[in-house]
Colleague: 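My questions will all concern the structure given below.
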Amino acid sequence: MTADRLNFITIDFETANYANSSACAVGLVRFVDGRAADSVYSLIRPPTRYFVPEWTEKIHHISYEDVCDKPCFPAVWKDCVEPFLNLTPDFPFVAHNASFDMNVIRGCCSQYGMAVPEKSYFCSLALSRAVWRELPSH
């Protein structure tokens with residue numbers, strides 16, 4: 001494997017509810033030559049107050065009170081995510097269950113009338129299922 005294949009950005013969203021547009025947190029880590037180089041994290045105020053406490057509060061420990069005074073998705077994307085991505089624009093995203101995270105990006109962009117960024121991505125969940133088929137959970 002060449003070193004350029006070890007350059008990527010992991011991305012993970014948390015959502016407040018069942019809507020793809022309900023991002024309430026995002027975290028990104030840049031890997032250079034296979035090593036974590038830097039990261040960024042931000043809470044996000046979703047477009048509604050509706051949170052599903054069974055997962056947001058009990059699993060992710062995020063409630064509406066945690067995000068009510070935080071910026072909404074467009075501001076977080078512009079001020080936090082884009083500058084992080086612009087440092088290494090050719091690095092692909094890697095996400096565990098990438099379809100979820102990419103759908104959150106599309107849902108949030110649609111919610112706020114933003115263009116969906118063009119970014120290549122890979123799914124670590126699909127890769128782990130292909131490599132370790134014998135495991136009961138990935």
Side-chain angles (χ1 to χ4, degrees):
M1 180 175 278
T2 62
D4 64 326
R5 291 182 184 223
L6 297 175
N7 295 332
F8 56 92
I9 296 172
T10 59
I11 187 165
D12 186 41
F13 281 99
E14 306 305 343
T15 55
N17 57 54
Y18 306 104
N20 289 336
S21 60
S22 70
C24 61
V26 63
L28 298 100
V29 178
R30 183 185 340 273
F31 285 81
V32 178
D33 295 329
R35 296 187 178 164
D38 55 347
S39 64
V40 66
Y41 173 81
S42 182
L43 291 172
I44 303 169
R45 181 173 27 91
T48 71
R49 296 176 58 106
Y50 175 56
F51 272 62
V52 177
E54 292 78 25
W55 85 65
T56 57
E57 293 177 23
K58 292 183 181 173
I59 296 172
H60 307 305
H61 306 287
I62 301 172
S63 68
Y64 182 75
E65 290 72 29
D66 296 321
V67 300
C68 65
D69 62 344
K70 302 302 181 210
C72 60
F73 181 84
V76 170
W77 192 267
K78 179 181 177 262
D79 298 336
C80 181
V81 176
E82 268 186 352
F84 190 81
L85 297 178
N86 287 341
L87 294 173
T88 47
D90 56 327
F91 283 22
F93 280 145
V94 174
H96 202 68
N97 193 8
S99 63
F100 170 80
D101 295 284
M102 298 306 112
N103 281 333
V104 171
I105 291 173
R106 286 188 282 274
C108 288
C109 287
S110 176
Q111 173 74 31
Y112 293 102
M114 298 168 56
V116 177
E118 293 184 29
K119 189 83 170 151
S120 61
Y121 65 89
F122 300 94
C123 181
S124 59
L125 176 60
L127 180 62
S128 68
R129 285 178 174 160
V131 173
W132 296 289
R133 294 179 192 173
E134 72 282 359
L135 294 178
S137 177
H138 298 87

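Residues: numbered from 1 along the sequence shown.
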Colleague: Measure the CD1-CG distance between Ile11 and Leu85 for me, rounded to the nearest 0.5 Å.
Modeller: 7.0 Å
Colleague: Does CZ belonging to Phe122 count more than 12 external heavy atoms closer than 6.0 Å?
Modeller: no
Colleague: Is a donor on one side and an acceptor on the other found under 3.5 Å between the side chain of Thr56 and the backbone of Val52?
Modeller: yes
Colleague: First locate atom OG1 of Thr88, then atom CG of Asn7, and finally report the distance between them rounded to the nearest 0.5 Å.
Modeller: 8.0 Å
Colleague: Report the distance from atom CH2 of Trp132 to atom CG of Leu127, rounding to the nearest 0.5 Å.
Modeller: 6.5 Å
Colleague: Run the side-chain contact (heavy atoms from CB on, under 4.5 Å) test on Phe73 and Gln111 for me, step by step, so that the C-alpha distance in whole Å, both residues' side-chain angles and the decisive distance to 0.1 Å come before the verdict.
Modeller: CA-CA 9 Å; Phe73 181 84; Gln111 173 74 31; over 6 Å; no
Colleague: Under 4.5 Å between side-chain heavy atoms, counting indirect links through other Ile/Leu/Val/Met/Phe/Trp/Tyr residues: same cluster for Val29 and Phe84 or not?
Modeller: no
Colleague: Which distance, rounded to the nearest 0.5 Å, do you find between the SG of Cys123 and the CE of Met102?
Modeller: 9.0 Å
Colleague: Would a 4.5 Å heavy-atom cut-off, applied to side chains only, mark Ser42 and Lys70 as touching?
Modeller: no
Colleague: Is Asp101 reaching over with its side chain to a backbone N or O of Phe13, donor-acceptor style, under 3.5 angstrom?
Modeller: yes
Colleague: Is there a path of hydrophobic side-chain contacts, each under 4.5 Å between heavy atoms, that joins Leu28 and Val32?
Modeller: yes
Colleague: Look at atom CD of Glu134 and say whether more than 12 heavy atoms of other residues, nucleotides or ligands are closer to it than 6.0 Å.
Modeller: yes
Colleague: What verdict does the side-chain contact (heavy atoms from CB on, under 4.5 Å) test give for Phe31 and Val94, after you've listed the backbone C-alpha separation in whole Å, the side-chain angles of each residue and the deciding distance to 0.1 Å?
Modeller: CA-CA 10 Å; Phe31 285 81; Val94 174; over 6 Å; no
Colleague: If every non-hydrogen atom of Leu87 is compared with every non-hydrogen atom of Arg30, which pair is closest and at what distance?
Modeller: CD1-NH2, 3.2 Å
Colleague: Within the side chain of Arg106, is there an N or O that forms a donor-acceptor pair under 3.5 Å with the backbone of Asn20?
Modeller: no
Colleague: Would you say the side chains of Ser99 and Asn97 form a donor-acceptor pair under 3.5 Å?
Modeller: yes
Colleague: Assigning hydrophobic clusters by single linkage (Ile, Leu, Val, Met, Phe, Trp, Tyr; side-chain heavy-atom cutoff under 4.5 Å), is Leu43 placed with Val104?
Modeller: no
Colleague: Among Ile44, Thr15, Val67, exactly one meets side chain to side chain contact (heavy atoms under 4.5 Å, CB included) together with Ile62. Which residue is that?
Modeller: Val67
Colleague: Do the side chains of Phe93 and Val76 join up, straight or via other hydrophobic residues, at under 4.5 Å, putting them in one cluster?
Modeller: yes
Colleague: Which atom names give the shortest non-hydrogen contact between Ala19 and Ser22, and what distance separates them?
Modeller: O-OG, 2.8 Å
Colleague: To the nearest 0.5 Å, tell me how far Ile105 CD1 sits from Tyr121 OH.
Modeller: 9.5 Å
Colleague: State plainly whether one hydrophobic cluster holds both Val131 and Leu135, where clusters connect Ile, Leu, Val, Met, Phe, Trp and Tyr through side-chain heavy atoms under 4.5 angstrom apart.
Modeller: yes
Colleague: Looking only at heavy atoms, which two atoms of Arg45 and Cys68 are closest? And how far apart?
Modeller: CD-O, 3.2 Å
Colleague: How long is the gap from SG on Cys24 to OH on Tyr64, to the nearest 0.5 Å?
Modeller: 12.0 Å
Colleague: Using every non-hydrogen atom in the two residues, find where Thr10 and Phe8 come nearest and quote the distance to one decimal.
Modeller: CG2-CE1, 3.6 Å
Colleague: Parallel, tilted or perpendicular, judged at 30° and 60°: which one describes the rings of Tyr50 and Tyr18?
Modeller: tilted
Colleague: What is the minimum heavy-atom distance between Pro83 and Asp79, and which atoms define it?
Modeller: CG-O, 3.6 Å
Colleague: I'd like to check Trp77 versus Pro117 (side-chain heavy atoms, cut-off strictly below 4.5 Å). Are they in contact?
Modeller: yes
Colleague: Specify the closest pair of heavy atoms between Pro47 and Ser21, including all atoms of both residues, with the distance to one decimal.
Modeller: CD-O, 3.3 Å
Colleague: Taking Asn103 for its side chain and Phe100 for its backbone only, find out whether a donor-acceptor pair lies under 3.5 Å.
Modeller: no
Colleague: Check whether more than 12 heavy atoms from other residues, nucleotides or ligands sit under 6.0 Å from atom NZ of Lys119, and answer yes or no.
Modeller: yes
